[in-house]
There are 2 protein chains.
Amino acid sequence: MTPRQNRQRDRGIPEATVARLPVYLRALTGLQEREVATVSSEELAAAAGVNSAKLRKDLSHLGSYGTRGVGYEVEYLVYQISRELGLTQDWVVAIIGVGNLGRALAGYGGFASRGFRVAGLLDADEAIVGQEISGKTVAHIDRLEEMIAEHGVSIAVIATPAGAAQGVCDRVVASGVTSVLNFAPVVLSVPEGVDVRKVDLSIELQILAFHEQRKAGGPGDYEPVAGGGEDPPGPAQYVEAVEA
Amino acid sequence: MTPRQNRQRDRGIPEATVARLPVYLRALTGLQEREVATVSSEELAAAAGVNSAKLRKDLSHLGSYGTRGVGYEVEYLVYQISRELGLTQDWVVAIIGVGNLGRALAGYGGFASRGFRVAGLLDADEAIVGQEISGKTVAHIDRLEEMIAEHGVSIAVIATPAGAAQGVCDRVVASGVTSVLNFAPVVLSVPEGVDVRKVDLSIELQILAFHEQRKAGGPGDYEPVAGGGEDPPGPAQYVEAVEA
DNA sequence: AACTGTGAAAACGTTCACAGCG
DNA sequence: CGCTGTGAACGTTTTCACAGTT
């Protein structure tokens, strides 16, 4: 019973901040393409959909990379965030389960564009094995361990049906993978030291439904949320309005 | 922002709790299928990947639906959570963008199984319009407003390329939709009163990469998660540990 | 006796407001 | 001056620990 003695080292970046760094990075690369050289916290925050105080606090966890009176140098900040996120090295990914979703993932440009390299696609269905998807030939799931070892896979993306997910997870973990991105609608059990992140469609929809239900009375009729009008139209991340 | 004018009603369930209710619901329906009649907070928490104190606190926001000394009646709790989430009514969904991802979404069983009905699929690409996907014919994006009005769409799922997302979003919002699930890798701007939730693959991968990087090579700066190993191996939601 | 429901405490996250620097 | 970086205030979420109920 001693979790209270958790004295976190200063090197530790808050989890909430880590989750936003990729958003900042995307906003920054957008600026980079438009050849913007420097950006203020206010501008970058607007592009990322957060407020500027939060942005500055987040960046302050990485170090002092801004210039007072001026702002942040885009190029430099891109590099610093990339380095912090571990994107200056390549990560090898395996996608397991090549149904509709796995196919979508295989073709997703965002993978390759940052340092994520898809080493292979695997499926249990004989009808799918051997097909070529986005330039990769689908291998049989039996070759999972072999592929992980051979290509040095460090991130497994599980896009199998729910029933198969835990078994696949156990196998990738046994092969030494310690990072799993799970699309199957199940709670995966993993040993300590393994990170699991979950993406769950139906959960997102249910959360929306909850808020939708709370809005003005019936369908087709909604309140233009008058009143204070204090908020600027900016932050889009999660705008919530409560009915009158 | 206007923090001072934010007098929250007691009816308000904390956002963190709302986000977990769907997970509990899924665990409960699993129990229901196995014909379990009652469940303790400890058992249900394990199935949902959280600890029991959190589960009890969460459920306490909905009301007193348990029985001391016994636990929760599965059927009853399923109903109460469903009602709270607004799943006792049907929600009409439109999927905009029928690429690989849109196709995956269209075929996703989790939609129909809860009360989400896909009213239509829309795309701008003439080559895709007219195709039949999961029993629905893809309509042209021009008919977006018509479809929203006709079918009473209340949730829009945006699965378009990044460049098209904001435009589509503006159109659905103009048509009265106040809930948007966004898969495009952009920050959407919406007026107050509109809820946007974002699902972003590449962000999830980058977060994993961050933690992965900290495992192997870190500058020897970690705490060996001391303590008497109080934590059961249970909670899988986001297990993080740094180890040798 | 077993288990829920909940105040109180601790941890975590956000926002404010301004000192300090370019 | 303008803007960053940050201590301090505030708000939210988690955890603890036990009173209360069946």
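The chains referred to below are lettered A, B, ... by the order of the sequence lines, with proteins before strands, and numbering in each begins at 1. Remember, predicted model here, so these are calculated numbers, not experimental data.
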**Request:** Going 5' to 3' through nucleotides 2-8 of chain D, assign each nucleotide B (protein heavy atom under 4.0 Å from a base atom), S (under 4.0 Å only from sugar-phosphate atoms) or - (no protein heavy atom that close).
**Result:** BBBBBBB
Donor-acceptor contacts, no H, no angles, side chain residues 62-74 of chain B, under 3.5 Å, sequence neighbours left out:
{"residue": "B:Y65", "atom": "OH", "partner": "B:L62", "partner atom": "O", "Å": "3.3"}
{"residue": "B:Y65", "atom": "OH", "partner": "B:Q80", "partner atom": "OE1", "Å": "3.1"}

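Listed by chain and number, the residues in a side-chain hydrogen bond (donor to acceptor under 3.5 Å, both in side chains) with A:S202 are A:Q206, B:R26 (sequence neighbours excluded). Residues passing the side-chain hydrogen bond (donor to acceptor under 3.5 Å, both in side chains) test with B:T38, sequence neighbours excluded: none. The ring-ring contact (aromatic ring centres under 6.0 Å, His included) test applied to B:F111 returns B:Y108, not counting sequence neighbours. Scanning for side-chain hydrogen bond (donor to acceptor under 3.5 Å, both in side chains) contacts around A:T160 gives an empty result, with sequence neighbours left out.
Comparing C:dG13, D:dT15, D:dT13 against the side chain of B:E15 picks out D:dT13 as the nearest.
Summarising the geometry, the separation between NZ on A:K54 and C1' on D:dG11 is reported as 12 Å, rounded to the nearest angstrom. One interatomic measurement links the two molecules: CG of B:L55 to C1' of D:dT14, which rounds to 13 Å at whole-angstrom precision. Rounding to whole angstrom units, CD of residue B:E73 and C1' of D:dT22 are separated by 15 Å.
Looking at A:W91, its side chain never comes within 3.5 Å of a backbone N or O of B:L205 through a donor-acceptor pair.
Residue B:N51 places none of its side-chain N or O atoms closer than 4.0 Å to OP1 or OP2 of D:dT14.
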